[in-house]
Amino acid sequence: MKKLLSFIFCLTVYSISHAQHARISGQVSDTLNHVKLPNTVVALLHAKDSVLYKYVRANESGGFAFDNLQAGKYLLMITYPAFADYVEPVTLSDTTVLRYDNIMMTLRSRLLQEVVIQQKVAAIQMKGDTTEFNAGSYQTQPNASVEDLLKKLPGIQVDNKGQITAQGEKVKKVLVDGEEFFGDDPTLVTKNLRADMVDKVQLYDKKSEQAAFTGVDDGQASKTLNLKLKEDKKNGYFGKVELGAGTNGFHDNQVMLNVFKKKMKVAAYGIVSNTGKTGLNWQESDKYGQSMADNVNMEGGDFIIISGNNDEFSGWDGQYSGKGYPLVQTGGLHFNNKWNQDKQNIGGNYKFMKLYMDGNSTTTTKNILPNNTVSYRNQRENFNNNVMRNRIDGRYEIQLDSSSSLRLDMNGGIDQKKTNSNFYSEFLDGDSSLVNRNNRQLSVADDTRQLNSNLLWRKKLKKKGRTLSVNVAENYTLSDGDGVLHSFTEYFKKSGGVDSSYLTDQRKVFRTENINASGNITYTEPISTLSSLVANYGLVLTNSKSYRNSFNAGDAGKYDVMDSTYSNSYVFNMLTHKAGLGYVYTGRKVRIQATNNVGFTTFQQDDVYRNTNHDRNFVNWFPAASFTYTFSQQRRLRINYNGNTNQPSINQLQPVRTNDDDQDVKIGNAALKPSFRNNFHASYFDFKVLSERSLWLSVNYTGTSNDFGESSVIDDKGKRTTQFININGNENANLNLNMGWKIKPLNVNLGYTLRGGYYRNANYINDQLNTTKTFNGTTGIDLMSSKEKKYEHYLSLEATYNTSLSSIQQSTRTNYWTYNVTAAERYFLPWQFTIESDVVCNFRQKTAVFTDNNNVIQWNAALVKKFGKKEALELRAAVKDILNQNIGFNRSVNSNFITQNTYSTIGRYGMLSVIWNFNKVGGGGIAKK
């Protein structure tokens with residue numbers, strides 16, 4: 001014990017004795033001969049006015065170092081006789097440690113030839129937790145969009161719908177210069193912003209503002225892309241106008257305008273389209289603050305859903321996911337500005353959307369039941385839905401003095417949604433005999449209002465590294481709905497013929513109101529300039545009210561007879577005190593973080609109609625730890641762990657039967673306990689400059705105790721009744737590997753992908769525990785080659801193996817392969833003509849359950865004529881889905897249910913479009929080598 005204490009004491013003394021402020025070091029050499037350059041002048045200038053801050057001369061081995069640097073923005077400038085100057089912008093915090101392992105200087109006589117090499121050196125860099133791509137290192141065609149640029153970046157994929165996946169995770173936001181820019185629909189930016197305006201593409205996990213300030217990860221993060229624009233592109237305006245008319249009534253009309261004037265940015269867009277390309281992917285507004293009342297539902301893989309479904313009565317979330325035929329009318333405004341030497345800034349967005357959706361779908365479900373029995377449910381749906389959505393958000397930030405700042409974020413919105421659906425379903429026994437038949441009509445109108453705000457105050461105290469921050473937030477949501485359910489079911493005898501029938505004719509009225517208020521205070525105390533202790537305390541208050549009333553038709557034909565079985569009024573209040581302590585060490589190459597929070601939570605549950613109260617208390621834990629080792633700016637290893645306690649939602653707690661589908665009834669459970677999730681994640685990144693070889697590897701494991709699962713009973717009439725329960729044994733693991741090479745003799749970029757997922761889901765079916773184990777593995781390669789104004793080639797090949805097994809029927813295993821092939825060609829012809837063609841092939845293996853292979857080949861082609869020296873005007877004639885084979889299709893395994901769904905989607909059409917890309921940009925800015 002004494003030896004251990006002595007070791008800890010020595011380690012602390014060593015840490016304090018070696019304490020340092022912000023530091024920059026590196027080594028300088030000759031690009032051509034790789035000779036170290038002694039006595040090189042290395043200067044650090046203030047970025048604002050280029051005034052000299054510090055300078056040193058490199059030693060005999062070309063090494064240099066700056067110590068005890070103040071936080072701020074600087075320019076690192078390196079000069080040596082006969083060599084071109086090297087300039088690199090750097091931003092320092094109080095504890096930043098930067099190391100430039102090998103800065104290569106270029107002779108002025110070889111400058112034109114060697115500039116390309118210098119760009120390759122900086123093609124990819126790691127800056128803290130951010131992966132930064134130098135956009136100039138990836139060649140794109142004139143007037144190419146940001147989407148075209150992203151497709152060329154290693155580790156990033158963009159599908160034919162514009163969805164971006166980076167390092168195996170979906171990108172949720174795309175920012176421009178760090179600011180929201182209609183960010184809840186990334187395609188608005190990636191399809192309309194030009195690639196040649198982008199200087200850097202930064203990829204990182206966006207944390208909360210308080211976490212970014214304190215340096216302590218709070219587990220709230222989303223995969224984000226930030227587009228840093230070139231300085232000389234920030235004065236003037238640019239935009240795009242597209243007018244398109246096609247066959248079968250298709251049209252696509254878009255306009256976007258962007259105006260930059262120094263620090264001010266104004267943007268506007270408008271879209272009227274029924275092609276489903278852009279303007280449809282609005283997500284729900286971000287909730288500011290950290291609500292411990294939110295329920296986390298985990299999804300994994302392309303086809304496995306491992307959590308219960310909590311859809312509202314309306315059944316449609318107001319989004320377009322490829323199902324049906326959409327018509328969108330949408331527009332938005334964006335503004336942000338900085339002034340007073342960037343001490344104050346303001347920004348905001350307003351968006352409006354009217355979305356119409358209609359279509360149909362067919363769903364076949366195989367139920368795997370105990371005792372080696374099975375049953376089937378086949379359902380057809382016709383739907384006609386629409387939503388009108390308004391969103392507004394704003395942000396104001398002020399630097400109160402040199403050590404403190406205040407930031408206010410707010411957003412709100414109103415949704416008015418109407419859904420109309422007609423269903424026809426049949427339930428079949430294992431021998432295909434008819435058990436029941438149902439016709440159901442459901443019409444709902446509901447309004448949802450939201451208001452969210454967050455206030456953050458940050459203060460740097462006198463001692464360097466000592467900080468105090470206070471975060472106060474509120475989230476408010478109110479949803480009102482009114483609908484009519486008409487359902488008629490016939491039950492059949494084994495011998496044939498109708499046994500009985502049942503009619504449901506009800507009016508449904510519901511209201512859900514949620515108020516969440518939270519406050520958090522965080523204090524950091526430096527042990528040394530390399531390490532700190534972090535203490536925090538938080539308070540969360542959540543009030544939720546929900547009533548669902550069902551009324552049967554009375555004698556006068558009015559819906560005035562309450563059905564108590566399907567009616568309930570429920571109040572759920574929750575109070576949580578949360579406190580914790582953490583340790584952070586930030587060294588030259590190593591960063592270590594370890595924190596643990598404990599929360600004391602009180603539940604108050606009131607069943608108003610039944611006059612019952614249920615108060616409960618829980619102790620919740622939130623441990624977290626991370627380790628990061630940075631080998632160099634092109635190589636990094638990170639390992640982290642998060643433990644989260646999640647609370648059940650009011651929809652899961654409310655003890656009322658929901659018969660929106662009276663053949664699939666769900667029941668809440670007021671006795672649900674919080675669940676606890678353990679998540680382990682490891683990632684490794686490596687980029688070789690000379691060979692342009694990149695590698696991303698990530699491994700993830702999640703296990704949940706007391707998870708929110710389901711217990712289902714299917715009776716002999718085919719009716720399914722499900723109640724939410726706590727269950728153990730749910731877990732999943734994922735692996736993602738992305739590699740890329742540059743085959744220089746062939747001018748080809750080669751990529752390799754390996755993905756794998758394992759999912760274990762437990763539930764009860766007919767009072768018997770069922771464990772479903774599912775695995776999918778994908779391997780693929782892609783090749784890309786381009787030459788400016790000559791050609792672009794792209795080919796992608798992927799194969800995926802899927803297997804699933806349920807414990808209640810070991811003899812029934814679902815195994816099948818799917819294959820995806822994508823090829824795209826673009827050729828640049830004389831007289832500014834371009835011909836484009838792409839083919840997307842999906843091949844799916846038949847199985848005993850999935851008897852239809854549903855192979856699809858989608859072939860698109862276009863002929864383009866451009867006009868003018870800058871090719872700003874474009875005339876495009878395109879045909880989508882030439883073979884008319886596009887179908888909506890997916891397969892899924894959900895607990896003991898195997899489902900195949902086909903749905904209507906946009907098929908073949910021709911389109912003639914006129915596109916005008918206009919711009920007038922210019923101005924200064926420091927050129928960087």
Side-chain angles (χ1 to χ4, degrees), residues 292-301 303-312 365-370 375 377 570 572 601 603 605 614 616 618 620 643-658 660-661 663-679 700-715 719-734 757-775 804-810 812 814 892-899:
M292 282 175 275
D294 292 339
N295 179 35
V296 178
N297 291 322
M298 296 297 296
E299 292 192 3
F303 74 108
I304 303 113
I305 301 173
I306 63 170
S307 64
N309 193 352
N310 267 335
D311 286 344
E312 295 180 359
T365 302
K366 180 179 180 179
N367 306 311
I368 300 176
L369 305 174
S375 60
R377 190 185 189 194
Y570 203 71
F572 172 44
T601 300
F603 282 9
Q605 300 166 236
H614 195 187
R616 296 186 291 166
F618 300 98
N620 303 318
N644 300 98
T645 300
N646 299 304
Q647 315 298 341
S649 69
I650 191 169
N651 287 334
Q652 292 170 322
L653 290 168
Q654 187 173 8
V656 62
R657 292 173 176 262
T658 57
D660 312 337
D661 180 354
Q663 297 306 296
D664 189 2
V665 175
K666 294 186 181 297
I667 309 174
N669 184 357
L672 284 178
K673 301 176 182 178
S675 67
F676 186 83
R677 183 183 62 185
N678 292 288
N679 181 260
N700 190 79
Y701 169 81
T702 300
T704 307
S705 58
N706 278 335
D707 204 1
F708 308 127
E710 296 180 344
S711 177
S712 300
V713 174
I714 299 179
D715 61 23
K719 183 176 181 178
R720 179 187 181 212
T721 303
T722 302
Q723 184 172 37
F724 297 106
I725 60 171
N726 288 114
I727 198 164
N728 292 312
N730 289 347
E731 59 182 3
N732 63 80
N734 297 278
Y758 166 77
Y759 311 90
R760 185 183 189 275
N761 178 236
N763 73 322
Y764 281 88
I765 179 70
N766 288 356
D767 298 321
Q768 184 171 330
L769 177 65
N770 175 47
T771 300
T772 303
K773 296 180 180 180
T774 306
F775 169 80
S804 180
L805 177 66
S806 295
S807 61
I808 57 174
Q809 283 200 28
Q810 296 284 338
T812 302
T814 304
S892 65
V893 177
N894 184 351
S895 302
N896 58 302
F897 302 96
I898 303 172
T899 303

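Treat the numbers as computed from the prediction; the structure is a model and nothing was measured.
Summarising the geometry of Thr365 relative to Thr899, their closest heavy-atom pair is OG1-OG1, 3.5 Å, with the distance given to 0.1 Å. For the pair Asn728 and Ala762, the tightest heavy-atom approach, listed with the atom from each and the gap, is O-CB, 3.7 Å. Across Gln647 and Phe708, no two heavy atoms sit closer than the pair C-CZ, 3.7 Å. Annotation for Tyr570 and Gln654: closest pair CB-CG, 3.6 Å, computed over non-hydrogen atoms.
Although no hydrogens or angles enter the test, the distance criterion places a donor-acceptor pair under 3.5 Å between the side chain of Gln605 and the main chain of Ala670. A donor-acceptor contact shorter than 3.5 Å links the side chain of Gln809 to the backbone of Leu369. One N or O on the side chain of Arg760 and one on the backbone of Gly729 form a donor-acceptor pair closer than 3.5 Å. A donor-acceptor contact shorter than 3.5 Å is absent between the side chain of Asp707 and the backbone of Asn730. Under a 3.5 Å cut-off, the side chain of Gln723 and the backbone N or O of Gly668 do form a donor-acceptor pair. The main-chain N or O of Phe724 is found under 3.5 Å from a side-chain atom of Asn669 such that the two form a donor-acceptor pair.
Shown here is Asp715, whose CG atom has more than 12 heavy atoms of other residues, nucleotides or ligands within 6.0 Å. Environment of CZ in Phe603: crowded, with over 12 heavy atoms of neighbouring residues, nucleotides or ligands closer than 6.0 Å.
Side chains of Arg377 and Asp664 form a contact here, defined as non-hydrogen atoms less than 4.5 Å apart. Between Tyr764 and Asn770 the shortest side-chain heavy-atom distance does not fall below 4.5 Å. The side-chain heavy atoms of Pro674 and Thr601, taken from C-beta on, include no pair separated by under 4.5 Å. Proximity of Arg657 to Thr721: side-chain heavy atoms (C-beta onward) are separated by under 4.5 Å at one or more points. Side-chain contact between Thr774 and Thr814: absent, with no pair of heavy atoms (C-beta onward) separated by less than 4.5 Å.
With 3.5 Å as the limit, one finds no donor-acceptor pair spanning the side chains of Asn761 and Thr772. For the residue pair Thr702 / Asn679, a side-chain donor-acceptor distance below 3.5 Å is found, with atom types taken as modelled.
Taking OG from Ser804 and CD1 from Ile368, the interatomic distance works out to 7.0 Å, rounded to the nearest 0.5 Å. For the atom pair Gln768 CD and Ser807 OG, the distance stands at 7.0 Å (nearest 0.5 Å). To the nearest 0.5 Å, atom OG of residue Ser712 and atom CG of residue Asp767 are 10.5 Å apart. Atom-to-atom distance recorded for Arg720:CZ and Asn766:CG is 10.5 Å, nearest 0.5 angstrom. A distance of 8.0 Å separates CG of Asn678 from OG1 of Thr704, quoted to the nearest 0.5 Å. Separation of atoms CD (Glu710) and CD1 (Ile765) is listed at 9.5 Å; rounding is to 0.5 Å.
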The test is side-chain hydrogen bond (donor to acceptor under 3.5 Å, both in side chains); show your working for Ser675 and Arg677 and say whether it passes. CA-CA 7 Å; Ser675 67; Arg677 183 183 62 185; over 6 Å; no
